[in-house]
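Reviewing the structure listed below.
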There are 2 protein chains.
Amino acid sequence: MESPQDWPTGRLLSTAARLVEHAWAERLETVGLTHAGLIALHLLGEGARSQSDLARSARVQLQTMARTVERLERHGHVTRQRDAADARRVLVARTPEGAALLEQAQRLESEALPPVSDPAALRALLLEVVRSASGGRFPAS
Amino acid sequence: MESPQDWPTGRLLSTAARLVEHAWAERLETVGLTHAGLIALHLLGEGARSQSDLARSARVQLQTMARTVERLERHGHVTRQRDAADARRVLVARTPEGAALLEQAQRLESEALPPVSDPAALRALLLEVVRSASGGRFPAS
DNA sequence: GCTGGATGCTCAGCAGGCTGAGGAACGAGG
DNA sequence: CCTCGTTCCTCAGCCTGCTGAGCATCCAGC
C-alpha cells in the first residue's frame, strides 16, 4: 500500500504523468511557456485554426483550450480574431515570437521523459489507451 | 500533427492519464469521492498517519494533500487531530463512513482502465517511469 | 537555558483540467 | 421570412496540482 508497486494501474498512470509533466514544465519555464501552451502552439501548425478545432485535437474541453489560448495571446505568442466567414469562430494563429518559441520548446520536450527499458512499447500501449478512452468524448479528431 | 500517433511520448502519457482519470472520476462520483480523496483514503490504512507522510506516499506536495484531507474531513470521511506527542503533526484517520466508501470505491477504480493488449507490460513500464522520476522530489517514500 | 536549523502545517495565488449555463451566429425546414 | 436546432464561444465555479511565504514546534549543540 505504501509503495507504487501495489497501486492500481490507473493510479500509476496518473502519477507517472504528473511526475513527467513536472520535469517537462521545469524545462519549458526557461523559454516562457507552459505545457498546455506548447501543445496548443504545436497543434496550430502554419495556418489559423478555431478554438474548438484545437480543443478536439488536444483532447480537452473547449473552455480549457479557450483559457490556454487567452494566456498565449496575453503573452504575445498567438493572435486571435473573429472569422469573417463565420462570426461564431475565433481564428487563432501563431505570431513570429510564438513560432520561434515553439522551435526551442520542442527540443526540450523530448528530453523530459526519463529513459525506460522499452520506449516503443510504452508509446504503443499509451496509444491504445488514448484511442480507446477518446471514444465518444472526442469524436473525429 | 493532428493525430496522437505523431505526439511525443510525454504528451501521450499526460493525455492517456487525463482520459483515464476522467472515466475513473465519473464512477467515483456515484459514491461521493474524488480520485484524490480515494488515494488519500487508501493510503491511510487502518491507523492514523500525518499529512506530510501521506503526501510523500502519494507523491504530491504537502499543501495539496492538506487540501484533499480537509475536503475529506468536511464530508465526514476522515478525522483530523493534533498529535499529542508532536504538536506540529496532524493525525488523520478514517471514519467508519470513510472505510465503507473506500471499499466500494476500490472496486470501481480497477474498472476504469480500458483493456489494453499487455496490461502487465504497461504496469511495469509505468513503474519504471514513476521510480526514475520520483528521484529527489519524493525521497524515501 | 537558548538559539537556530529542520520539520509540519496553513494561507494565498497561479495553471490546467472539468461542468453548467447562457449568448450569438449559422443553417435547414417549414 | 422565421423558427428551431446546432455550433462556437464566454463566464462562473469547482477540484487538483504547483510555488512561495510565514508560523509553530521540535531538537541538537553551544
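Bear in mind the structure is a predicted one, so any value in this text is a computation, not a measurement. Every chain is numbered from 1 and lettered A, B, ... according to where its sequence line falls, protein lines coming before strand lines.
Closest approach to the B/R67 side chain among D/dT6, D/dC18, C/dG17 is made by D/dC18 (side chain taken as heavy atoms from C-beta onward). In the set D/dT10, C/dG17, C/dA25, D/dT10 carries the atom at the smallest distance from any side-chain atom of A/L62. Checking D/dC8, C/dT19, D/dT19 against every side-chain atom of A/R56, the shortest atom distance belongs to D/dC8. Checking D/dT19, C/dA6, D/dC8 against the side-chain heavy atoms of B/R88 singles out C/dA6 as nearest. Comparing D/dC26, D/dG17, C/dG17 by their nearest atom to the side chain of B/A36 picks out D/dG17.
The nearest whole Å value for the distance from the CD atom in B/E21 to the C1' atom in D/dG17 is 10 Å. Between A/L13 atom CG and D/dG17 atom P there is a gap of 14 Å when expressed in whole angstrom units. The interatomic distance linking A/D86 (CG) with D/dT6 (C1') rounds to 12 Å, in whole Å. When rounded to the nearest whole Å, the span between CD of B/E70 and C1' of D/dT16 equals 13 Å. The nearest whole Å value for the distance from the CG atom in A/L54 to the C1' atom in D/dC8 is 13 Å. In this entry the distance linking CD1 of A/I39 with P of C/dG16 reads 10 Å, nearest Å. One can place CH2 of B/W24 at 16 Å from P of C/dC18, the figure rounded to the nearest angstrom. Protein atom NE2 of B/H22 is 19 Å distant from nucleotide atom P of C/dG16, rounded to whole Å.
Here A/T34 lies in heavy-atom contact (under 4.0 Å) with sugar-phosphate atoms only. Among the heavy atoms of the strands lying under 4.0 Å from A/R71 are primed sugar atoms or P, OP1, OP2 only; no base atom is included. Looking at heavy-atom distances under 4.0 Å, A/Q51 makes contact with sugar-phosphate atoms alone, never a base. The residue B/S52 sits close only to the backbone: its heavy atoms come under 4.0 Å of sugar-phosphate atoms, none of a base. Among the protein residues, B/Q63 comes within range of the nucleic acid bases, having at least one heavy atom under 4.0 Å from a base atom.
Side chains of A/R94 and A/T79: a donor-acceptor N/O pair is absent below 3.5 angstrom, by distance only. Defined by atom type and a distance below 3.5 Å, a donor-acceptor pair is present between the side-chain atoms of A/H42 and B/R11. For the residue pair A/R137 / B/H22, a side-chain donor-acceptor distance below 3.5 Å is found, with atom types taken as modelled.
Within the structure, a side-chain polar atom (N or O) of A/T64 is placed less than 4.0 Å from OP1 or OP2 of C/dC18. Between B/R137 and D/dC18 there is a side-chain N or O to OP1 or OP2 distance below 4.0 Å.
Positionally, the nearest nucleotide of DNA chain C for A/H75 lies more toward the 5' end than for the other of A/D83 and A/H75. Comparing A/M65 and B/R80 by the nucleotide of DNA chain C that holds the closest heavy atom to each, the one mapping nearer the 5' end is B/R80. Position along DNA chain D of the nearest nucleotide to A/R82 versus A/E26 favours A/R82 as the more 5'-ward residue. Taking for each of A/V90 and A/R18 the nucleotide of DNA chain D with the nearest heavy atom, the 5'-most of the two is the partner of A/V90.
Salt bridge A/E70/A/R80: absent, no basic N to carboxylate O contact under 4.0 Å.
Taking every heavy atom of both residues into account, A/W7 and B/R59 meet most closely at CH2-CD, 4.2 Å.
Going from atom CG of B/D86 over to atom CG of B/L91 covers 9.0 Å, rounded to the nearest 0.5 Å.
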